[in-house]
Structures are given as C-alpha cells and as structure tokens.
Amino acid sequence: MRRQLIAGNWKMNCLSASARELASSLAEKVSNGGPGACDWAVCPPSALLPIVAEALGGSVIALGAQDCHAEMSGAHTGDTSAELLKDLGCRYVIVGHSERRADDGESDNEVKAKAEAALKASLTPIICVGETREQRDGGTALQVVEGQLHGSLPDSDEIVVAYEPVWAIGTGLTATPSDVAEVHSVIHKLLCELRGVEAAKQINILYGGSVKPGNAAELLAVPHVGGALVGGASLNADDFFAIGVNAAKRD
C-alpha cells in the first residue's frame, strides 16, 4: 500500500523561537515513535525555513514551502523561487492553495506554472483544489474540482494533489466521509485518465479541511485518501503527531 503523507501547513504563524520549538518537538516525537507507516512534511512560512530545517536536523520529516514563483529568478520583489526553496532544503511546495487563489487571484494557469517551476527545481508540488460553500450548495463541486485539476496539473507524475473544500478550511467544519469519498474518487479517476492507472496509484491525494486527531482515523480510512494537509492542528506537535499515528493504523 502507498504510504500516506501527513503534511502540516503552518500558514502565517509562528515566530523564530516557537517555530524552532515546534519543529524540534515534532522531530523528537516522530523519532521516538519509530519508522512509522506514513511520510511527514511541515511547511512553515518562507522566512522560517532555515530555522525549521536546522531544528528538524536529521529527522525523517521533510521540509516544504507554502508557495513559489513561476520563474526561477528575476525582478519579482517579495517572491521566492522554487530553486531557492530547494537550496534551503525543501522537498515539497504547496501551490494553488485556496487562500492564494482567493486572496491573490491566482488562476489555474498560474498554479500550473508554479507546479512546473517546482518540478524543474526537483521539488514535489502539492497542488490544491477545492470548492466553495456556494459551489457545493449549487451542486457544482465536482465540476469545479475537475476544472481546477485540468487547468492546474503539470505534465508529470511526480506530484501530490490536495483536496481542500474551501468552506472547511479554518472553520471547524469538516466534509463528511461520503463527501470526501465522492470527490477523491473523481480525482483518482481523472488522474487515471490523464496519467494512466499505475501512475495514478502512486499519486497521493490528500484531504485537508479541519483535520484533527478526533476525525483523522475516519477521514484517512476513506478510499483514495492518501494522507492529509493539516492546518491548525499542525501547530500543535501532539495533535499533528496523533494524526500521523492514525495514518499508521490504516496501514
């Protein structure tokens, strides 16, 4: 069975001291917990990447970033290139998160370009898709997700897809297992069509949206769920580790 990926998105949280403490605590818990059955990643704000990389040390926890620019270098004040992220020790980078699609107006084409830049820098892009509450209530959730996938996916199998219903991010609301199963099944089917069945089997499809220790086991057991992209709970080492333990139980 493919190993599940438990990735933490710290968003715009933590200062240097708290980031160091959080990363060190998590590294210790994962180390003491043995090799485990899941893969781990944490994605802090870009300014904290060197601090978190040092705190993780030789841990099996991979470092990830929350965004990258589509260009490798140039006059792009305030942005960070995928090449620099790789140089800082990153293995993953999140692209197309709903907060960036909404707050920064990122289009599917821009998300795809960022994913392509990540691949060029030997990073694995975590490509986010998901519908709003209005789209779900209007019955267009599946069409929205399919459209985002068609527009955002690069021509590569070395990717991770994350389904995050916008209405469940940071709200305390969580999609039901049947909702998650329906969308993940559609994503998997589309990946099979675009990449082939065998390649699709190796692409982790994460679920994100108010994932907590209390609901992780049920969500991670849903067919075609290949892990979790965790927001608020990833800022607590005990909670984040507990979510990974549930992934291990699934295997």
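Quick note: residue numbers are just sequence positions, from 1.
Ring pair Trp40/Phe240 is perpendicular by interplanar angle, where above 60° counts as perpendicular and below 30° as parallel.
Salt bridge absent: Asp108 and Lys112 never bring a charged side-chain N and a carboxylate O closer than 4.0 Å.
Hydrophobic cluster membership is shared by Leu63 and Val93, with clusters built from Ile, Leu, Val, Met, Phe, Trp and Tyr side chains linked at under 4.5 angstrom. Residues Ile94 and Ile61 do not share a hydrophobic cluster, clusters being chains of Ile/Leu/Val/Met/Phe/Trp/Tyr side chains in contact below 4.5 Å.
Summarising the geometry, atom CG belonging to Asp179 is positioned 10.5 Å from atom NE2 belonging to His184; distances are rounded to the nearest 0.5 Å. Atom NE2 in His97 sits 10.5 Å away from atom CD1 in Ile126 (nearest 0.5 Å). Note that OG of Ser122 and CD of Glu158 are 10.0 Å apart. Values are rounded to the nearest 0.5 Å. Atoms CD and CG, on Glu83 and Leu88 in that order, are 11.0 Å from each other to the nearest 0.5 Å. Rounding to the nearest 0.5 angstrom, the gap separating the CG atom in Leu26 from the CG atom in Asp238 is 9.5 Å.
Checked against Arg100 for a salt bridge (charged side-chain N to carboxylate O under 4.0 Å, His left out), the options Glu164, Glu106, Glu110 give a single hit: Glu106.
Side-chain atoms of Arg195 and Asp155, non-hydrogen and from C-beta on, do get closer than 4.5 Å to each other. Side-chain contact between Arg101 and Val111 is present, with heavy atoms from C-beta onward closer than 4.5 Å.
Taking the six-membered ring where the residue is Trp, the centroids of His188 and His224 are separated by under 6.0 Å.
With sequence neighbours excluded, the residues forming a ring pair (Phe, Tyr, Trp, His ring centres under 6.0 Å) with His76 are His69, listed by chain and number. With sequence neighbours excluded, no residue forms a ring pair (Phe, Tyr, Trp, His ring centres under 6.0 Å) with Tyr92.
Judged by distance alone, with hydrogens and angles left aside, the side-chain atoms of Gln4 form a donor-acceptor pair with the main-chain N or O of Leu220 at under 3.5 Å.
Other residues sharing a hydrophobic cluster with Leu173 under the 4.5 Å side-chain heavy-atom criterion for ILVMFWY residues are Trp167.
Judged purely by distance below 3.5 Å, without hydrogens or angles, the side chains of Thr132 and Gln135 pair a donor atom with an acceptor atom.
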